[in-house]
Amino acid sequence: MSKDVYVLMEQRDGELAKVGVELIGEATKLAGDLGQQVVAVLLGSGIKDKAEKCIHYGANKVIIVDDPALAEYLTEPYADAVTAVIEKYQPEIFLFGASSIGRDLAPRVSARIHTGLTADCTGLDIDPETKLLRMTRPAFGGNIMATILCKDYRPQMATVRPGVMQALAKDKARTGEIEELKVEFKAPLVKIREVVKNEHKTVDITEAKYLVSGGRGIGSPEFFNELQKLADVLGGEISSSRANVDAGWIDKSRQVGQTGKTVRPDLYMACGISGAIQHVAGMEGSEYIIAINKNDTAPIFDLADIGIVGDVKVIIPKLTEAVAKAKAAKNAE
Ligand SMILES: Cc1cc2nc3c(=O)[nH]c(=O)nc-3n(C[C@H](O)[C@H](O)[C@H](O)COP(=O)(O)OP(=O)(O)OC[C@H]3O[C@@H](n4cnc5c(N)ncnc54)[C@H](O)[C@@H]3O)c2cc1C
């Protein structure tokens, strides 16, 4: 009999990835609706000290597979470990981050276990009647949202992109069970000869509290310099719609949306962005949204908390000046 909601806790160099912590937050809701528990699965080498952290973020139980075979991420031993966990414990639901690791691992595991997998979910909930996991994701180029069920096989498996779900606040008073599982690893067919770290530093826009985001309406790549000035006075970062990424105006790491990143900053400023469904999918969870657009019927105004109808080229420099003045006045107090 399958039970409990399992989450793969990704770690790199012993540091837990944010997406696993976010998924524990979501798993807590799902497990609550099922009357079941949240189990974090921690894989790696020398990572046992991270188990407590999973509990502090909401896991009721942690299963650790700690083995030198898992020191670096490799598809086969990681798939061996997750498969062993599923075969032994029979989870009802298993969630993975839609990161490069989760996207590689989850399909491999689902094929081995012979169950379904719904990739890149943007919403998860439990059907109150059937108790099945409803896995919602954009389909047909983002034009519709599809809700997918996995009725006949277990676990019900989904990947979720980083930033989509909300982590619970860390509570060091939480307690839970920690269990270690020994796994027999097959000799991998692939060996890592060298790990070459990408030295090119990319900014993680999912971490920014304030995002000043530019769309095609900014008119030129140079105008990102103006958006940067506003981001600097706010203490935030710049981001973009896909239109400007495709035009080569800004790096893809700053793209917000269905095929970019999902962000939930305290403030999202959409500057010259129309509000296409694929863009909105990546920023609608923002705490507060300000939209600047010269077209008063632009769909972005439907979800903005404040809408400013006008030319970004006129408004942004004025806003930057006003925020800088307000900050200077506050500092002088
Ligand atoms: C499968 C698929 C995936 C996609 N993924 C993404 C994604 O991840 N992220 C994403 O962003 N898009 C994505 N798109 C593209 C998306 O459909 C839109 O084409 C894109 O978001 C439009 O970008 P935009 O709002 O910057 O440009 P536009 O839609 O061209 O809008 C520009 C806006 O600027 C306004 N404007 C023009 N000049 C000014 C001015 N001077 N001052 C103020 N306002 C002005 C206009 O009124 C207009 O509303 C995807 C599309 C597909 C099919």
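Positions are given from 1 along the sequence. First listed ligand is number 1; within each ligand, the first listed atom is number 1. Side-chain atoms are counted along with the backbone in the values below, which use heavy atoms only and exclude waters and symmetry mates.
Within the 4.0 Å heavy-atom shell around ligand 1 one does not find G219. Using 4.0 Å as the threshold, S240 has no heavy atom nearer than that to any atom of ligand 1.
Taking CD1 from I205 and CE from M283, the interatomic distance works out to 11.5 Å, rounded to the nearest 0.5 Å. Once rounded to the nearest 0.5 Å, the distance linking OG1 of T28 with CG of L168 reads 4.5 Å. Expressed to the nearest 0.5 Å, how far CD of Q228 lies from CG of L230 amounts to 9.5 Å.
Donor-acceptor pairing under 3.5 Å is lacking for the side chains of S240 and Q255.
Near R242, meaning under 4.0 Å from any of its heavy atoms, are these atoms of ligand 1: 2 (C), 3 (C), 4 (C), 5 (N), 6 (C), 7 (C), 9 (N), 10 (C), 11 (O), 12 (N), 13 (C), 14 (N), 50 (C). Near G260, with a cut-off below 4.0 Å to any heavy atom, the atoms of ligand 1 are 8 (O). Within the listing of ligand 1, atoms 40 (C), 41 (N), 42 (N) sit less than 4.0 angstrom from a heavy atom of D311. Contact atoms of ligand 1 toward Q258: 7 (C), 8 (O) (distance under 4.0 Å to a heavy atom of the residue). The distance from ligand 1 to the heavy atoms of G215 drops below 4.0 Å at these ligand atoms: 26 (O). Less than 4.0 angstrom separates some heavy atom of N293 from each of these atoms of ligand 1: 33 (C), 34 (O), 35 (C), 43 (C), 44 (N), 46 (C), 47 (O), 48 (C), 49 (O). Remark: ligand 1 atoms within the under-4.0 Å shell around heavy atoms of K313 are 41 (N). Heavy-atom contacts of A276 reach the following atoms of ligand 1: 16 (C), 17 (O), 18 (C), 21 (O) (cutoff under 4.0 Å).
With hydrogens and angles disregarded, no donor-acceptor distance shorter than 3.5 Å links the side chain of Q90 to the backbone of S2.
The one candidate from I47, V62, V21 that meets the side chain to side chain contact (heavy atoms under 4.5 Å, CB included) condition with M9 is V21.
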Next item on the list: Step by step, work out the side chain to side chain donor-acceptor pair (under 3.5 Å) result for Y73 and D104.
Entry: CA-CA 10 Å; Y73 176 75; D104 181 63; 2.6 Å; yes
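Under the 30°/60° scheme for interplanar angles, the aromatic rings of Y268 and H279 are found to be tilted.
Heavy atoms only, all atoms of each residue included: M157 and M135 are closest at O-SD, 3.5 Å.
In this structure, of Q278, R216, Q255, the residue bringing a heavy atom nearest to atom 52 (C) of ligand 1 is Q278. Considering each of G310, S274, A298, the one bringing a non-hydrogen atom nearest atom 29 (O) of ligand 1 is S274.
At a heavy-atom cutoff of 4.0 Å, ligand 1 is contacted by the backbone of V256 but not by its side chain.
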